[in-house]
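Okay, structure first, notes after.
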Amino acid sequence: MATESQTQTFIECENLVKIYKVADLEVVALQGLDLKIDAGEMMALVGPSGSGKSTLMNILGGLDTPTAGQVHVGEYNLLEMNRSEQVKYRRNEVGFVWQQTARNLLPYLTAQENVELPMALNGISSRERAARAKELLVLVGLGHRLDHRPDRLSGGEQQRVAIAVGMANRPSLLLADEPTGEVDSEAAEQIFKALHDFRDQFNVTIIIVTHDINVSTRVDRVVGMRDGRTSIEILRRRDTAGQTVSEDEFVILDRAGRLQLPQAFIDKLDLEERARVRLLEDHIGVWPDAQANANGDDPYSGRY
Ligand code: ADP
């Protein structure tokens, strides 16, 4: 559970743009995305397919570079990293958990060997590797499965080993792409418990990409993406004991003062092209332009 002292910005994306060029076509995958994430925050990214979630994860993971904008993760400026800094960043700062277990685990290695592998690549001594791998596997509740190869583990167990692999080099950021996408709800609970335990123990910042909007009960914040930008946020406020006090849904106000209205509101009021806005005492009202047209003058003057 994040406390006051831990709430410092760890990730900051400003006006992030990613354009893919395919033959003569340009695909704008991120169109000026702004996002701040606190150190030790556990948050989920949700959004329809094609909204830019994977693109953002690949950029934050140092696997891809943005076309324009700014992105900082801790001390790293991801736009200005050279190749060797990129390798260092990927190896030390970020852990990945992919939806497909085959991408996370080597089938011919045991659970313990799989967790040791990233540490071996980082030059950690075999004694320390073994001790850390056991510690991580005990933490995900698999202390009794150290010598099992992936094919002798359930899908949920494989994902928990994958989380331990992702945490092997004690990254400050763990990126999980649909970690519960292929498991049942009980296994999903255990996967979320493992993620929570790591966050609490190591203060690792965790970003989970998911299609499951119900994930909001298990994370601090859900950020919705639409068309390459953040669109909504669901924020849970907790008391000092970690109990949820409130859960609120917000639309996001970007640095240029733009709001993205929920599609359902736009449809309900038939908003098109332009809308009227008025500053009222403690809020802003938005009306369809059609009302003004129908009355011939401003229907709102003198009403408030
Ligand atoms: P999501 O993860 O939310 O499904 P993506 O980040 O994969 O969204 O994709 C965002 C947009 O960028 C989509 O229109 C997708 O087709 C496009 N895109 C993603 N990766 C590539 C790529 N390597 N080459 C070309 N277009 C891409």
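Note that ligands are numbered from 1 as they come in the structure, with each ligand's atoms numbered from 1 the same way. As a basis for the values below, the full set of heavy atoms in this structure was taken, side chains included, without hydrogen atoms, waters or symmetry mates. Since this is a predicted model, take the numbers as computed values, not measurements.
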What closest approach, in Å, do Ile208 and Pro179 show between heavy atoms, and which atom pair accounts for it?
CG2-CD, 3.7 Å
Check this for me: Phe265, atom CZ, are more than 12 non-hydrogen atoms of other residues, nucleotides or ligands nearer than 6.0 Å?
no
Mark yes when over 12 heavy atoms from residues, nucleotides or ligands other than Glu186 sit less than 6.0 Å from its CD; otherwise mark no.
no
Chi angles and distances behind the salt bridge (charged side-chain N to carboxylate O under 4.0 Å, His left out) call for Arg170, Glu135
CA-CA 12 Å; Arg170 305 257 162 92; Glu135 181 199 10; 3.2 Å; yes
Students should find this: residues with any non-hydrogen atom under 4.0 Å from ligand 1. What is the answer?
Tyr20, Val22, Val27, Ala29, Pro48, Ser49, Gly50, Ser51, Gly52, Lys53, Ser54, Thr55
Which residue, Leu117, Val115, Ile124, Asn122, forms the side chain to side chain contact (heavy atoms under 4.5 Å, CB included) with Arg129?
Ile124
Does a salt bridge link Arg103 with Asp177, judged by any charged N lying under 4.0 Å from a carboxylate O?
no
